[in-house]
A.B. asks: 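Dropping the structure in here first, questions after.
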Amino acid sequence: MEREENMYNFSKIEKKWQKYWEDNSSFKVENDKSKKPYYILVEFPYPSGSGLHVGHVRSYTAQDAIARLKRMQGYNVLYPMGWDAFGAPAEQYAIKNHIHPSEAVKENIKTFKGQMKSLGFSFDWSREFSTTDPEYYKWTQWQFLQFYKHGMAYKDTIPVNWCPNCKTVLSNEDAAGGVCERCGETVVQKEKSQWMLKMSDYAEDLLKGLDDTNFADKVKLGQINWIGKSTGVEVDIDLSTGSKFSIFTTCIETIYGITFFVIAPDGKLIKELMPNVENKEEVLEYIEETKKKSNMDRTELNKGKTGVEVKGIKAINPVNGKEVPIFLGDFVLGDYGTGAVMAVPAHDERDYEYAKAHNLEVIEVITGGDLKEKAYEKYDYLENPDARLINSEEFNGKSVMDAKKSITDMLVKKGIARVVNNYKMRDWIFSRQRFWGEPIPMIYCDKCGWQPMDEKDLPLLLPNVAEYEPTDNGESPLAKITEWVNTTCPKCGGKAKRETDTMPNWAGSSWYFLRFMDPHNEKEFASMDAMKYWNKVDWYNGGMEHTARHLLYARFWVQFLYNIGLVPNKEMIWTRISHGMILGENGEKMSKSKGNVVNPDDIIKEYGADALRTYEMFIGDYEKDASWSENGLKGCFKFLDRVYRLGEKLNGKDEYSKETEILINQTIKKVTDDLLNIKYNTAVSALMILLNELEKLDSVSNKDYRTYLHLLNPIAPHITEELNEKYNLGDMFINSSFPTYDSNKLENNTYTMVVQVNGKVRGKMEVDSNTSEDDMKSLALTIDNVKFYTDNKEIVKVIVIPKKLVNIVVK
RNA sequence: GGGCGUAUGUCGGAAUCGGUAGACGAGACGGUCUCAAAAACCGUUAGUAGUAAUACUGUGUGAGUUCAAGUCUCACUACGCCCACCA
């Protein structure tokens with residue numbers, strides 16, 4: 001069985017090279033200032049119990065290809081990997097099995113790491129860490145203290161999702177649809193005191209900072225939408241009781257149309273008004289009802305506009321002195337704007353619905369924008385250039401834009417209004433009532449209040465106990481561990497208690513990319529020197545689902561660190577790209593319940609890591625979702641097998657074969673360009689085309705073959721190194737420069753000229769590349785089929801596109 | 001309701017600047033090898049008509065701009081994702 005000996009034995013080959021890379025620390029990188037840095041990052045995974053997903057393989061391979069390419073182009077490439085290992089699943093597992101979550105995490109990391117190594121990713125493992133390492137979360141805690149010390153962290157009482165059955169606080173994700181994900185009980189809102197980070201202070205900077213990034217437009221847009229800036233006017237409104245309140249509006253031009261005001265049942269304003277309210281019971285009851293509704297109920301069921309009138313108090317329209325009633329309505333949010341709105345039912349859909357439900361007056365103040373029963377468009381008057389104000393005293397007849405400005409000016413002049421920006425983005429709720437997270441390093445003393453821990457005492461370690469269930473009142477499980485909770489006040493030395501809430505999962509992942517620059521630093525989270533060397537993450541890849549929140553949190557974190565002088569750039573991430581999901585063979589999202597999960601281990605066993613890597617690069621547009629296909633995978637395996645067998649045709653020559661020299665140069669250009677433009681699928685396709693051509697030759701030169709393997713190396717690193725060694729073609733690819741093309745050899749000396757008549761292809765002709773435009777014209781007219789369509793017709797115009805086509809327009 | 005994106009053979013998908021639509025892969029069909037099968041190799045493969053050359057039709061639908069439209073403009077339909085009573 002001679003053929004057996006010489007077969008593509010991927011399993012043996014891949015293990016051999018993986019061992020070589022590991023034994024030689026081939027991808028270990030130093031902060032070497034003599035070399036140009038290039039920092040490639042993939043989102044570090046949450047090491048779940050189910051192991052690596054084929055979706056991970058897609059993005060890690062893509063970035064690995066870039067890393068390998070950039071190394072061969074002479075860059076000092078940092079391509080690190082670590083673990084985002086705090087989080088609920090490990091905690092659930094711990095509750096069930098009564099072991100410390102860190103044990104489960106350790107096991108899972110081992111699995112993940114083994115899988116990554118079996119895929120040949122060129123990570124620098126010397127920089128590996130987990131967010132759960134005390135040496136790491138020490139610095140997460142330290143940075144929290146900096147937020148606190150700079151007035152950026154504060155405690156506030158805000159409502160949280162609460163499951164009365166499980167007696168636990170739920171994240172918005174776990175409370176999706178207004179029911180507890182675990183038991184199905186209706187989720188209610190419960191007030192809790194929580195640590196907050198003042199992210200809203202950074203809204204404008206986070207918008208501006210986008211100019212200093214190279215994020216894709218859709219990523220930038222995601223950030224902009226999340227921040228949700230809107231410019232409007234805040235107006236003071238006098239009350240019949242003598243006090244006043246403020247409202248926020250973006251449609252100040254409709255102010256004469258106010259027929260009532262609506263205030264948020266969960267806001268602070270209603271509490272202030274309470275003493276003067278005549279129907280206290282009714283109002284309180286409505287407030288209680290609102291609390292029972294989860295956010296989902298409030299937003300999803302937007303049909304009924306519920307609410308009650310706040311009796312005994314009237315509000316006065318500042319422009320005409322008209323007294324109008326005040327209502328409570330849960331469509332007004334307590335934490336956006338001022339928690340109160342002016343209601344102009346003639347020109348706002350929600351106000352209109354509310355007015356209809358409660359039989360309130362409707363006053364039209366803009367023509368061409370009135371609200372008819374059915375066809376209502378919120379801003380139709382804004383798009384109507386003829387819309388003019390009516391019923392608005394001296395502003396009658398003005399255009400909308402004009403009125404917006406003059407009414408604002410008038411109110412500002414009077415000193416009762418201000419132009420303000422509002423942002424949908426809120427402050428970051430930083431507390432979680434969970435065990436498995438970074439403990440918040442704060443201590444509460446009855447005498448001195450909240451005190452930060454002394455930085456010297458960090459890290460504040462998670463205790464080692466056997467019970468991880470949350471307490472009945474929603475406190476973190478840490479609250480039950482009295483020996484941990486009880487401590488002394490850092491200020492007065494008296495008895496004090498630790499904060500028992502932990503940080504959210506987003507905390508550790510907000511700065512991990514900085515730590516990779518200097519992962520073993522014991523004195524700082526990373527030295528300024530190291531950060532200045534690496535400068536920025538050049539190329540950051542992750543899922544679409546993280547382009548809004550994670551990226552925003554990370555940018556906020558970095559901007560804060562920059563403002564206090566701890567990082568060198570205000571934006572530490574340059575390019576961000578997002579990959580599409582790998583779906584199951586049936587086009588649905590992979591899940592155990594649907595039985596369409598593909599395990600990368602099985603694929604590696606049957607087809608090899610290189611085939612899996614090649615297939616996932618070839619599967620389709622990197623930024624779009626793609627369905628798994630076993631046949632597609634087989635095709636890529638066949639492709640590699642053919643590359644392997646091409647070696648049998650070597651002729652020993654050290655120059656490109658004449659027949660393919662042009663195509664090889666074109667392919668070098670195409671593969672290089674495509675890889676750097678996230679067009680992995682066409683890079684693979686170009687290599688397939690070149691292989692098809694090389695196979696047609698009687699023999700292949702050593703230079704043809706080595707160049708071919710070199711080009712394929714970033715995508716399929718094992719088989720290419722093996723063949724290069726087997727046929728003794730030259731240095732190992734990890735030690736050689738990536739091929740470059742000769743720009744004089746990108747074009748053949750002939751090309752196929754296309755001839756159209758009236759835009760339809762009527763003929764083709766092989767012509768010399770130097771053919772002049774005039775010659776192209778006359779040659780075109782010699783083609784029989786072209787003559788057939790042009791004879792006896794008047795030639796109106798001839799369009800010549802050099803090196804492409806001739807279009808003859810006839811009448 | 002708002003924002004973003006997508007729509008191309010049987011399937012995944014190509015098509016840089018508006019210039020040969022369907023690259024490349026899969027599948028299917030036919031063939032070579034074989035006792036046979038698998039593997040491998042060779043060929044065909046958008047539709048319709050034709051032995052063929054070739055012609056007509058064709059990139060979700062309808063209009064438009066242009067010598068020329070998958071690509072640009074407008075309207076519409078379907079699907080996907082994100083946000084969502086944000087004043």
Side-chain angles (χ1 to χ4, degrees), chain A residues 3 217-219 221-222 224-226 228-230 232-233 247-251 254 262 264 295-296 298-305 329-333 335-344 348-351 353-354 376-378 422-426 544-545 547-549 580-581 587 615 618-621 623-636 638-639 641-642 645 670 673-674 677 679 681-689 691-692 695 752-764 784-785 788 796-801 803-810:
Chain A
R3 179 85 179 87
D217 283 346
K218 64 175 178 180
V219 174
L221 222 85
I224 291 167
N225 287 340
W226 194 277
K229 179 177 180 173
S230 68
V233 185
I247 57 100
F248 173 74
T249 180
T250 54
C251 300
T254 62
V262 187
N295 284 333
M296 266 322 192
R298 275 175 76 169
T299 55
E300 235 173 39
L301 309 170
N302 66 12
K303 291 158 202 159
K305 287 281 181 289
D330 63 9
F331 78 89
V332 177
L333 307 173
D335 59 350
Y336 180 78
T338 60
V341 300
M342 64 181 214
V344 183
D348 181 278
E349 188 177 14
R350 289 157 310 161
D351 296 351
E353 279 174 21
Y354 197 92
Y376 175 80
E377 303 263 327
K378 191 174 176 188
N422 263 310
Y423 302 89
K424 288 185 201 177
M425 189 182 76
R426 315 293 156 90
M544 260 328 265
E545 70 277 18
T547 51
R549 298 185 73 183
M581 263 189 299
Y615 172 59
F618 186 59
I619 195 167
D621 185 334
E623 297 186 272
K624 289 189 201 143
D625 291 352
S627 300
W628 183 263
S629 155
E630 179 100 18
N631 281 326
L633 173 71
K634 279 183 196 161
C636 288
K638 267 163 69 179
F639 162 65
D641 194 34
R642 281 164 56 205
R645 291 190 321 250
K670 174 102 179 130
D673 291 351
D674 281 358
N677 287 299
K679 303 182 96 177
N681 54 337
T682 47
V684 176
S685 145
L687 286 164
M688 287 173 169
I689 292 168
L691 178 66
N692 290 343
E695 279 180 337
T752 308
M753 177 178 77
V754 172
V755 183
Q756 299 179 330
V757 179
N758 285 347
K760 296 206 168 188
V761 180
R762 297 301 182 190
K764 293 175 189 179
D784 285 344
N785 200 39
F788 178 81
V796 183
K797 207 200 273 188
V798 179
I799 287 127
V800 180
I801 308 295
K803 297 196 175 173
K804 274 230 168 78
L805 63 70
V806 175
N807 187 12
I808 302 160
V809 186
V810 297

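These numbers come from the heavy atoms of this one structure, side chains and all, not from hydrogens, waters or symmetry mates. Proteins get letters first, then strands, A, B, ... in listed order; numbering begins at 1 in each. Computed from a predicted model, the values in this text were never measured in an experiment.
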A.B. asks: Under 4.0 Å, counting only non-hydrogen atoms across every strand here, what does N692(A) touch: a base, just sugar-phosphate, or nothing?
C.D. replies: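 Sugar-phosphate contact only.
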
A.B. asks: Could you list the residues that satisfy side-chain contact (heavy atoms from CB on, under 4.5 Å) with M581(A), not counting sequence neighbours?
C.D. replies: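 So M581(A) forms a side-chain contact (heavy atoms from CB on, under 4.5 Å) with L583(A), K589(A), D625(A).
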
A.B. asks: Identify, with sequence neighbours excluded, every residue that meets salt bridge (Lys or Arg N to Asp or Glu O under 4.0 Å) alongside K424(A).
C.D. replies: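 K424(A): no salt bridge (Lys or Arg N to Asp or Glu O under 4.0 Å) contacts found.
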
A.B. asks: Starting at the 5' end of RNA chain B, what dot-bracket string do you get if Watson-Crick and G-U pairs under 3.5 Å are bracketed, crossing pairs use [ ], other-strand pairs use | and unpaired bases use dots?
C.D. replies: (((((((..(((......[....)))((((((.......))))))((((....))))..(((((..]....))))))))))))....

A.B. asks: On a whole-Å scale, what distance lies between the C1' atoms belonging to G12(B) and G18(B)?
C.D. replies: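 Straight-line distance between the two C1' atoms is 27 Å.
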
A.B. asks: Rounded to the Å, how far apart are L691(A) CG and C24(B) P?
C.D. replies: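 Answer to the nearest Å: 12 Å.
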
A.B. asks: Locate the shortest heavy-atom distance separating K670(A) from A686(A); write the atom from each residue and the value.
C.D. replies: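 Looking at all heavy atoms of both residues, the shortest contact is CG-CB, 3.6 Å.
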
A.B. asks: Looking only at heavy atoms, which two atoms of D351(A) and V344(A) are closest? And how far apart?
C.D. replies: OD2-N, 2.8 Å

A.B. asks: Could you grab the distance from atom NZ of K679(A) to atom CG of N681(A), nearest 0.5 Å is fine?
C.D. replies: 8.0 Å

A.B. asks: Using the P atom as the reference point in each nucleotide, state the distance between G47(B) and C35(B) in Å, no decimals.
C.D. replies: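 Here G47(B) and C35(B) have their P atoms 37 Å from each other.
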
A.B. asks: How close or far is atom P of A87(B) from atom CD of E353(A), stated in whole angstroms?
C.D. replies: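 The answer, rounded to whole Å, is 16 Å.
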
A.B. asks: Flag the pair M688(A) / F618(A) as yes when at least one side-chain heavy-atom distance between them is below 4.5 Å, and no otherwise.
C.D. replies: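 They are in side-chain contact.
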
A.B. asks: Rounded at 0.5 Å granularity, tell me how far CG in N807(A) sits from CG in N758(A).
C.D. replies: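 Going from the CG atom of N807(A) to the CG atom of N758(A) covers 7.0 Å.
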
A.B. asks: Tell me which nucleotide among A87(B), A26(B), C83(B) gets nearest to the side chain of N631(A).
C.D. replies: A26(B)

A.B. asks: When you compare the protein's N or O atoms with those of nucleotides 63-67 of chain B, which come within less than 3.5 Å of each other, and at what distance?
C.D. replies:
unit_1 : atom_1 : unit_2  : atom_2 : d
C67(B) : OP1    : K797(A) : NZ     : 3.4
C67(B) : O2'    : N807(A) : ND2    : 3.4
C67(B) : O2     : N807(A) : ND2    : 2.5

A.B. asks: Take atom P in G64(B) and the same atom in U6(B), then report the distance between them in whole Å.
C.D. replies: 25 Å

A.B. asks: Can you check the distance between A28(B) and C11(B), where both ends of the measurement are the C1' atom (answer in whole Å)?
C.D. replies: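 11 Å, rounded to whole Å.
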
A.B. asks: Once you round it to whole Å, what is the distance between P of C86(B) and CZ of F331(A)?
C.D. replies: 9 Å

A.B. asks: Can you name the nearest heavy-atom pair linking V262(A) to G329(A), along with the distance?
C.D. replies: CG1-N, 3.5 Å

A.B. asks: Find the distance F248(A):CZ to A87(B):P and express it as a whole number of Å.
C.D. replies: 6 Å

A.B. asks: Between K218(A) and T547(A), is a side-chain contact (heavy atoms from CB on, under 4.5 Å) present by the stated rule, with each step listed?
C.D. replies: CA-CA 9 Å; K218(A) 64 175 178 180; T547(A) 51; over 6 Å; no

A.B. asks: Which pairs, protein N/O on one side and nucleotides 39-44 of chain B N/O on the other, fall under 3.5 Å?
C.D. replies:
unit_1 : atom_1 : unit_2  : atom_2 : d
A40(B) : O3'    : R645(A) : NH2    : 3.1
C41(B) : OP1    : R645(A) : NH2    : 3.2

A.B. asks: Without decimals, in angstroms, what is the distance between L805(A) CG and A68(B) C1'?
C.D. replies: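 Taking CG of L805(A) and C1' of A68(B), I get 8 Å after rounding.
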
A.B. asks: What is the glycosidic conformation of C82(B): syn, defined as within 90° of 0, or anti?
C.D. replies: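 Anti, which is what one calls it when the glycosidic angle falls more than 90° from 0.
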
A.B. asks: Kindly write out the residues that satisfy ring-ring contact (aromatic ring centres under 6.0 Å, His included) with Y615(A), not counting sequence neighbours, or none if the list is empty.
C.D. replies: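 With sequence neighbours excluded, Y615(A) shows a ring-ring contact (aromatic ring centres under 6.0 Å, His included) to W628(A), given in chain and number order.
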
A.B. asks: Rounded at 0.5 Å granularity, tell me how far CZ in R762(A) sits from CD in Q756(A).
C.D. replies: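 With rounding to 0.5 Å, CZ (R762(A)) is 10.0 Å from CD (Q756(A)).
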
A.B. asks: Over how many whole Å does the gap from M425(A) atom CE to C86(B) atom C1' extend?
C.D. replies: 14 Å

A.B. asks: May I ask you to evaluate whether Y336(A) reaches the phosphate of A87(B), defined as a side-chain N or O under 4.0 Å from OP1 or OP2?
C.D. replies: yes

A.B. asks: Please name the residue in the list V755(A), T752(A), N785(A), L805(A) that meets the side-chain contact (heavy atoms from CB on, under 4.5 Å) test with K764(A).
C.D. replies: T752(A)

A.B. asks: With rounding to whole Å, what would you report as the distance between U59(B) and C72(B) at their C1' atoms?
C.D. replies: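 Approximately 16 Å lies between the C1' atom of U59(B) and that of C72(B).
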
A.B. asks: Output all residues satisfying side-chain contact (heavy atoms from CB on, under 4.5 Å) with K797(A), sequence neighbours left out; order by chain, then residue number.
C.D. replies: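 Partners of K797(A) under the side-chain contact (heavy atoms from CB on, under 4.5 Å) test: I799(A), V809(A).
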
A.B. asks: Nearest whole angstrom, please: distance from the P of C24(B) to the CG of D674(A).
C.D. replies: 15 Å

A.B. asks: So what does G228(A) touch, heavy atoms closer than 4.0 Å: a base, only the sugar-phosphate, or nothing?
C.D. replies: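 Nothing, no nucleic acid heavy atom in range.
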
A.B. asks: Rounding to the closest angstrom, what is the interatomic distance between G70(B) and A14(B) at atom C1'?
C.D. replies: 12 Å

A.B. asks: Consider the side chain of K764(A), meaning its heavy atoms from C-beta on, and name the nucleotide among A87(B), A23(B), U20(B) that approaches it most closely.
C.D. replies: U20(B)

A.B. asks: What's the closest nucleotide to the side chain of K424(A) if the choices are G25(B), C86(B), A23(B)?
C.D. replies: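 Nearest to the side chain of K424(A) among the choices is C86(B).
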
A.B. asks: Select base, sugar-phosphate, or nothing to describe what T338(A) touches, counting heavy atoms under 4.0 Å on all strands.
C.D. replies: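 If one applies the 4.0 Å heavy-atom cut-off, T338(A) turns out to touch nothing in the nucleic acid.
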
A.B. asks: Sugar-phosphate atoms are those with a prime plus P, OP1 and OP2; base atoms are the rest. Using that split, label each nucleotide of nucleotides 5-16 of chain B B, S or - for protein heavy atoms under 4.0 Å, 5' to 3'.
C.D. replies: -------BSSS-

A.B. asks: Determine the Euclidean distance between corresponding P atoms of A26(B) and G19(B); express it in Å to zero decimal places.
C.D. replies: 29 Å

A.B. asks: Locate the shortest heavy-atom distance separating A683(A) from D674(A); write the atom from each residue and the value.
C.D. replies: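 Heavy atoms of A683(A) and D674(A) come nearest at N-OD2, 3.4 Å.
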
A.B. asks: With syn defined as a glycosidic angle within 90° of 0 and anti as everything else, classify G9(B).
C.D. replies: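 Glycosidic conformation of G9(B): syn.
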
A.B. asks: In this structure, how many angstroms lie between the C1' atom of C85(B) and the CZ atom of R350(A), rounded?
C.D. replies: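 One finds 6 Å between C1' of C85(B) and CZ of R350(A), rounded.
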
A.B. asks: Between atom CE of M425(A) and atom CD1 of I224(A), what is the distance when rounded to the nearest 0.5 Å?
C.D. replies: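 Reported value, rounded in 0.5 Å steps: 13.0 Å.
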
A.B. asks: Go along nucleotides 50-58 of chain B 5' to 3' and tag each nucleotide: B for a protein heavy atom under 4.0 Å from its base, S when only backbone or sugar atoms are that close, - otherwise.
C.D. replies: ----SSSS-

A.B. asks: For E695(A), enumerate each residue passing the salt bridge (Lys or Arg N to Asp or Glu O under 4.0 Å) test, keeping only those at least two apart in sequence or located in another chain.
C.D. replies: R642(A)

A.B. asks: Among all residues two or more places apart in sequence or in another chain, which pass the side chain to side chain donor-acceptor pair (under 3.5 Å) test with T249(A)?
C.D. replies: none

A.B. asks: Would you please name every residue forming a salt bridge (Lys or Arg N to Asp or Glu O under 4.0 Å) with K229(A), sequence neighbours left out?
C.D. replies: E204(A)

A.B. asks: Toward the 5' end of RNA chain B, which comes first, A548(A) or G632(A), by nearest nucleotide?
C.D. replies: G632(A)

A.B. asks: Taking the P atom of each, how far is A15(B) from U65(B), in whole Å?
C.D. replies: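 Rounded to whole Å, the distance is 29 Å.
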
A.B. asks: For T249(A), which contact category applies under a 4.0 Å heavy-atom criterion: base, sugar-phosphate, or nothing?
C.D. replies: sugar-phosphate

A.B. asks: Answer whether the closest heavy-atom distance between the side chains of L687(A) and F639(A) falls below 4.5 Å.
C.D. replies: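 A side-chain contact under 4.5 Å exists here.
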
